[in-house]
Enquirer: 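Pasting a structure here, questions to come.
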Number of protein chains: 2
Amino acid sequence: MQHSRTAYVILGMLSLSPGLTASGYEIHKAIEDNFGSFWGESYGQIYPTLKRLLSEGLIEAKKPDSGPRRKRQEYSLTESGRVCLREWLALPFQNDPPRNEFMLKLFFGGEAAPGVALAHVRELQRRNQHMMATLEGIEQASRRYPTENPNKPYWMLTLSLGMALTRAALEWGESTLAQLSAIEAAEAQPRQAADTPPEANPA
Amino acid sequence: MQHSRTAYVILGMLSLSPGLTASGYEIHKAIEDNFGSFWGESYGQIYPTLKRLLSEGLIEAKKPDSGPRRKRQEYSLTESGRVCLREWLALPFQNDPPRNEFMLKLFFGGEAAPGVALAHVRELQRRNQHMMATLEGIEQASRRYPTENPNKPYWMLTLSLGMALTRAALEWGESTLAQLSAIEAAEAQPRQAADTPPEANPA
DNA sequence: CGTGGCATGTAAACGGTTACATGATTTA
DNA sequence: TAAATCATGTAACCGTTTACATGCCACG
């Protein structure tokens with residue numbers, strides 16, 4: 001691949017509205033705020049990539065229009081940058097290599113100390129509730145400020161996929177918490193009758 | 001972190017049944033077959049990691065028990081390997097950095113040529129249908145060969161999370177295909193009445 | 001005036017994939 | 001015996017994170 005995917009996220013960010021300019025810092029923040037559920041970039045990627053895109057003419061640097069004081073360098077998309085973005089968009093998407101550490105630790109839960117898997121599921125619920133709240137915040141913000149942007153339907157579809165996946169995970173977590181409590185209670189007292197209250201667990 | 005996560009997947013694989021031994025090749029295959037929906041490892045990671053784990057005494061090499069002919073080197077878990085695995089399992093799980101290229105391309109769908117986003121969603125459906133079939137295969141295999149393994153409840157929970165997420169994505173895809181067809185049809189003929197049949201689309 | 005956040009950047013390290021090389025074993 | 005697949009390994013490369021360095025600006 002000619003460009004890393006970091007390059008395309010940047011081009012994409014700058015394509016979102018007609019004359020948009022943004023600095024590296026702003027791009028980083030925008031990615032975190034808007035793509036947080038499905039993408040991430042570090043400064044260590046963004047700044048070098050901006051330079052490269054600039055040298056290739058896919059973005060251009062905004063000249064300081066007034067006053068001698070310029071702190072942040074802003075960039076905007078060029079026509080060839082837009083073409084490059086479009087070409088990439090039409091290519092088949094890569095499946096990200098699967099690496100879900102939660103699922104891995106859950107799978108090996110039987111090897112862990114009692115209560116470990118249960119604690120992981122509770123933590124997953126906590127993180128997913130947080131994620132859901134973030135996504136709902138984005139949804140409500142987009143309702144309050146109805147944009148004319150023709151891309152908006154795509155933003156909403158992406159958001160709804162994020163919500164659907166998070167919701168499914170939360171539902172799974174709910175039913176799993178019940179099951180796991182039973183499993184781990186049974187593990188803790190394998191030879192006794194199951195009449196001992198769970199809070200009397202010696203572990 | 002002392003060890004890469006590759007090390008822990010290997011330790012975990014070797015912990016799955018009491019006297020289990022496996023070669024690098026078998027470990028790779030087992031990860032692909034069983035963890036394919038949430039984890040992946042390449043040979044380039046597995047073989048060097050096996051050597052390292054061996055040198056640290058976390059696994060041990062099986063000695064050729066009969067005949068001069070030995071093709072594949074098999075390893076098994078040592079007691080200190082098991083301890084190391086347990087320690088890692090009890091640590092909080094990392095959130096994998098989010099990198100979902102499908103969602104990225106969908107988000108920027110308004111910038112792409114007509115039909116591109118729709119094609120991506122169709123492709124996503126295809127991949128998820130395939131994923132679902134694989135997961136159902138695992139489920140049925142586990143029904144046909146009911147194991148006594150006490151870890152099985154955790155395997156089933158992991159499987160059910162995979163299925164829940166895949167199912168949610170498939171449902172989203174179904175409703176999205178309908179919506180997207182409408183959106184992209186409207187984009188293609190913005191100034192005309194919507195009475196032109198979609199197959200007459202000049203694009 | 002000092003502190004904390006804004007903003008930009010870089011070097012090193014890391015985890016991981018890819019491509020390649022090699023030989024052994026099985027199957028046709 | 002030829003082809004396919006099993007099996008092991010390594011070197012180079014790549015994208016990314018981390019840690020660090022720096023200076024500016026606003027606010028108390």
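From a predicted model like this one, the values you see are computed outputs, not experimental measurements. Per chain, numbering begins at 1; letters A, B, ... match sequence-line order.
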Enquirer: If the threshold is 4.0 Å, N to carboxylate O, is there a salt bridge linking B:Glu56 and B:Arg52?
Expert: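 Judged by the 4.0 Å cut-off on N to carboxylate O distance, B:Glu56 and B:Arg52 do form a salt bridge.
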Enquirer: B:Tyr47 side chain: which of C:dG9, D:dA7, C:dG15 is closest?
Expert: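 Out of C:dG9, D:dA7, C:dG15, the nucleotide with an atom closest to B:Tyr47's side chain is D:dA7.
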Enquirer: For B:Arg72 and C:dA24, give me the distance from atom CZ to atom P, rounded to whole Å.
Expert: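 Rounded to the whole Å, the gap is 16 Å.
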Enquirer: When you check the phosphate oxygens OP1 and OP2 of C:dT8, does a side-chain N or O of A:Tyr43 lie under 4.0 Å from one of them?
Expert: no
Enquirer: Rounded to the nearest Å, what distance is computed from the CD atom of residue B:Glu41 to the C1' atom of nucleotide C:dT18?
Expert: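 Spelled out: CD on B:Glu41 to C1' on C:dT18 is 15 Å.
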Enquirer: Assert yes or no for the condition that the ring centre distance of A:Tyr43 to A:His28 is strictly below 6.0 Å.
Expert: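 Judged by ring-centre distance (under 6.0 Å), A:Tyr43 and A:His28 do meet the cut-off.
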Enquirer: Check the distance between D:dT5's C1' and B:Glu26's CD and give it to me in whole angstrom.
Expert: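 Rounding to the nearest Å, CD of B:Glu26 and C1' of D:dT5 are 15 Å apart.
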Enquirer: OP1 or OP2 of C:dC14 less than 4.0 angstrom from a side-chain nitrogen or oxygen of B:Ser4, does that happen here?
Expert: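 No.
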Enquirer: Rounded to whole Å, please give me the gap between CD in A:Gln45 and C1' in D:dT18.
Expert: 12 Å
Enquirer: Rounded to the nearest Å, what distance is computed from the NZ atom of residue A:Lys29 to the P atom of nucleotide C:dT8?
Expert: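 A:Lys29 atom NZ is separated from C:dT8 atom P by 14 Å.
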Enquirer: Whole angstrom is fine here: how far is it from OH in A:Tyr8 over to C1' in D:dG15?
Expert: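 Going from OH in A:Tyr8 over to C1' in D:dG15 covers 14 Å.
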Enquirer: Where each pair must be Watson-Crick or G-U wobble with both distances under 3.5 Å, what dot-bracket representation of DNA chain C is obtained, with crossing pairs in [ ] and other-strand partners as |?
Expert: ||||||||||||||||||||||||||||
Enquirer: Of the listed nucleotides (D:dT8, C:dT8, D:dT17), which one gets closest to any side-chain atom of A:Ser42?
Expert: D:dT17
Enquirer: Please classify the nucleic acid contact of B:Lys51 as base, sugar-phosphate, or nothing, using heavy-atom distances under 4.0 Å.
Expert: sugar-phosphate
Enquirer: I need the B:Met132 CE to B:Leu165 CG distance, nearest 0.5 Å.
Expert: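 Interatomic distance, B:Met132 CE to B:Leu165 CG, rounded to 0.5 Å: 10.0 Å.
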Enquirer: What's the closest nucleotide to the side chain of B:Gln73 if the choices are D:dT17, D:dT8, C:dT8?
Expert: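 Output: D:dT8.
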Enquirer: If you look at every strand shown and take non-hydrogen atoms under 4.0 Å, does B:Gly24 touch a base, only sugar-phosphate, or nothing?
Expert: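 The answer is sugar-phosphate, as B:Gly24 gets under 4.0 Å only of primed atoms, P, OP1 or OP2.
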Enquirer: Nearest to the side chain of A:Pro48, which nucleotide is it out of D:dT8, C:dT10, C:dT17?
Expert: C:dT10
Enquirer: Looking at DNA chain D, which of residues 31-40 of chain A put a heavy atom within less than 4.0 Å of it?
Expert: none
Enquirer: Go through the structure and list residues passing salt bridge (Lys or Arg N to Asp or Glu O under 4.0 Å) with B:Glu136, not counting sequence neighbours.
Expert: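 By the salt bridge (Lys or Arg N to Asp or Glu O under 4.0 Å) rule, B:Glu136 matches no residue at all.
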Enquirer: Run the side-chain donor-acceptor check on residues 18-27 of chain B: report pairs under 3.5 Å with partners two or more places apart or on a different chain.
Expert:
unit_1, atom_1, unit_2, atom_2, d
B:Thr21, OG1, B:Glu74, OE1, 2.6
B:Ser23, OG, B:Glu26, N, 3.2
B:Ser23, OG, B:Glu26, OE1, 3.3
B:Glu26, OE1, B:Ser23, N, 2.8
B:Glu26, OE2, B:Arg72, NH2, 2.7

Enquirer: Please list all pairs meeting ring-ring contact (aromatic ring centres under 6.0 Å, His included) that have one or both residues in residues 123-156 of chain B, counting only residues at least two apart or in different chains.
Expert: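 Counting only pairs at least two positions apart or across chains, the ring-ring contact (aromatic ring centres under 6.0 Å, His included) contacts touching residues 123-156 of chain B are A:Phe107-B:Trp155.
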Enquirer: Considering just the side-chain nitrogens and oxygens of A:Tyr25, establish if one lies under 4.0 Å of OP1 or OP2 belonging to C:dC6.
Expert: yes
Enquirer: Between A:Arg126 and A:Glu123, is the closest basic N to carboxylate O distance under 4.0 Å?
Expert: yes
Enquirer: Measure the spacing between OG1 of B:Thr49 and NE2 of B:His3 and express it to the nearest 0.5 Å.
Expert: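 Taking OG1 in B:Thr49 and NE2 in B:His3, the distance rounds to 10.0 Å.
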Enquirer: Rounding to an integer number of Å, can you tell me how far A:Glu74 CD sits from C:dC6 C1'?
Expert: 14 Å
Enquirer: Between C:dT17 atom P and A:Asn95 atom CG, what is the distance in whole Å?
Expert: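 These atoms are roughly 14 Å apart.
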Enquirer: Who are the side-chain contact (heavy atoms from CB on, under 4.5 Å) partners of B:Ala61, not counting sequence neighbours?
Expert: B:Leu54, B:Gln73, B:Tyr75
Enquirer: For B:Leu50 and B:Pro97, take the nucleotide of DNA chain D holding the closest heavy atom to each; which residue's nucleotide lies nearer the 5' end?
Expert: B:Leu50
Enquirer: Under a plain distance cut-off of 3.5 Å, with no hydrogens placed, do B:Thr78 and B:Glu60 share a side-chain donor-acceptor pair?
Expert: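 The criterion, which ignores hydrogens and geometry beyond distance, is not satisfied for B:Thr78 and B:Glu60.
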